[in-house]
Protein chains: 2
Amino acid sequence: MLINELSKKTGITTHTIRFYEKSGLIEGKQDESVKSNNYFHYDEITVEKLDFISDAKSVGFTIKEIGQIIDAWYNKKYTKKQKLEILDDKLISLEQKMKEIKEMKKQILQFKDDVVNDRC
Amino acid sequence: MLINELSKKTGITTHTIRFYEKSGLIEGKQDESVKSNNYFHYDEITVEKLDFISDAKSVGFTIKEIGQIIDAWYNKKYTKKQKLEILDDKLISLEQKMKEIKEMKKQILQFKDDVVNDRC
DNA sequence: CACAACATTAGAGTATAGTCTATAGTTGAT
DNA sequence: ATCAACTATAGACTATACTCTAATGTTGTG
């Protein structure tokens with residue numbers, strides 16, 4: 001599919017898709033047999049990747065971190081061991097985020113309590 | 001205390017403290033009786049606020065959101081009802097973040113599984 | 001009283017992650 | 001053949017959140 005269809009399927013603008021492509025997160029390929037244009041074609045894996053990118057951004061992963069995860073999954077440049085190391089590293093960082101959110105929840109509940117009991 | 005002591009107590013640089021002050025998150029006060037300088041003085045509440053800011057940034061709250069929470073706690077400009085509304089809103093957003101992180105954990109565990117079983 | 005260590009303000013610079021504009025060429029329906 | 005709708009590339013612009021520099025003035029210890 002071309003970039004417009006990809007954009008419609010993922011809800012990500014063509015501009016942002018091109019930004020992600022330049023950042024190395026996804027990669028379209030040009031059809032060598034067509035000489036009249038240099039349009040990029042994208043496959044279902046790219047749709048999958050973009051959906052993942054959206055989710056990963058929500059949890060606060062940076063473009064760089066998302067790139068590492070995508071490479072650990074879709075790329076052949078790492079050994080099995082290296083891939084698992086990267087993924088485990090991200091799991092640890094998710095656990096950390098989880099812990100911080102729980103702490104923040106407690107803190108805000110305390111704030112609420114203070115408001116209710118006129119301690120602020 | 002002056003800004004340098006505040007910086008040492010919180011581990012936040014004086015530059016960043018001034019940035020937070022300009023952003024309206026904290027507020028020092030000048031001693032009117034001293035005419036030779038215009039140094040700002042900070043109290044323990046400011047230390048508390050800066051510690052909170054560090055934690056709140058970790059969970060992904062923006063400066064603007066952090067400002068709302070601080071105002072809901074330390075400020076007199078809101079009614080009790082408004083304060084609770086702001087805090088409840090942040091609690092909802094924390095629940096949302098938590099949900100997204102749990103989903104991402106599942107996703108990455110799936111990736112790991114795929115790596116282990118040579119499905120990628 | 002020198003001078004290192006502190007304070008202030010204004011504004012410039014950086015990194016991240018987009019977002020938009022301009023230019024130019026291509027495709028497909030009428 | 002025309003024309004709207006698409007495509008590519010380069011580069012400018014924006015927002016957020018710092019981070020640093022420069023210029024200038026103040027304080028406190030030897």
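Just so we're on the same page: letters track the sequence lines, and every chain starts at 1.
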Expected rows: protein N/O vs nucleotides 11-14 of chain D N/O, under 3.5 Å:
none

All N/O pairs under 3.5 Å across the protein-nucleotides 26-30 of chain C interface:
from   : atom 1 : to    : atom 2 : distance (Å)
C:dT26 : OP1    : A:S36 : O      : 3.1
C:dT26 : O4'    : A:Y39 : OH     : 3.3
C:dT27 : OP1    : A:S36 : OG     : 2.6
C:dT27 : OP1    : A:N37 : ND2    : 2.7
C:dT27 : OP2    : A:S36 : OG     : 3.2

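In this structure, A:M1 atom CE and D:dT7 atom C1' are separated by 16 Å, rounded to whole Å. If you measure from atom CD1 of A:I12 to atom P of C:dA17, you get 14 Å, rounded to the nearest angstrom. Atom pair B:I63:CD1 and D:dC18:C1' shows a separation of 9 Å (rounding to whole Å applied). Atoms CD1 (B:I17) and C1' (D:dA17) sit 15 Å apart, rounded to a whole Å. One can place CZ of A:R18 at 12 Å from P of D:dA10, the figure rounded to the nearest angstrom. The separation between A:F19 atom CZ and C:dT16 atom C1' is 7 Å, rounded to whole Å. One interatomic measurement links the two molecules: CD of A:Q30 to C1' of D:dT9, which rounds to 12 Å at whole-angstrom precision. In this structure, the NZ atom of B:K8 is 11 Å from the P atom of C:dA5, given to the nearest Å.
Only at 4.0 angstrom or more do the heavy atoms of residues 41-52 of chain B sit from any atom of DNA chain C, so none qualifies.
Using a 4.0 Å heavy-atom criterion, one finds that B:S23 contacts no nucleic acid atom at all. Within 4.0 Å of A:T13, counting heavy atoms only, lies no atom of the nucleic acid at all.
When each of B:T16 and A:T14 is assigned the nucleotide of DNA chain D with its nearest heavy atom, A:T14 is the one assigned upstream, toward the 5' end.
Here the side chain of A:N117 pairs no donor or acceptor atom with the backbone of A:R119 at under 3.5 angstrom. Looking at B:K83, its side chain does come within 3.5 Å of a backbone N or O of B:N75 through a donor-acceptor pair.
To the nearest 0.5 Å, the span separating CE on B:M1 from OG1 on B:T46 amounts to 7.0 Å.
For A:K57 and A:E65, the salt-bridge test fails: no basic side-chain N is under 4.0 Å from an acidic carboxylate O. A salt bridge links A:K9 to A:E44: at least one charged side-chain nitrogen sits closer than 4.0 Å to a carboxylate oxygen.
Listed nucleotides: C:dA17, C:dA7, D:dA17. Nearest to the side chain of A:K57: C:dA17.
Within a 6.0 Å sphere centred on NZ of B:K80, other residues, nucleotides and ligands contribute more than 12 heavy atoms.
Two rings, from B:F111 and A:F52, have their centers less than 6.0 Å apart.
For the pair B:Y20 and D:dC18, the criterion of a side-chain N or O lying under 4.0 Å from OP1 or OP2 is met.
In this structure, A:K49 satisfies the cation-pi test against A:Y74, with its NZ or CZ atom closer than 6.0 Å to the six-membered ring centre and inside 45 degrees of the ring normal.
A continuous path of Ile, Leu, Val, Met, Phe, Trp and Tyr side chains, each step under 4.5 Å between heavy atoms, connects A:L109 with A:M98, placing both in one hydrophobic cluster. If you chain together hydrophobic residues whose side chains sit under 4.5 Å apart, B:L94 and B:I70 fall into the same group.
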Passes side-chain hydrogen bond (donor to acceptor under 3.5 Å, both in side chains), B:S7 versus B:N4? Steps please. CA-CA 5 Å; B:S7 171; B:N4 202 33; 5.1 Å; no

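When only modelled atom types and interatomic distance are considered, B:Q107 and B:E103 share no side-chain donor-acceptor pair under 3.5 Å.
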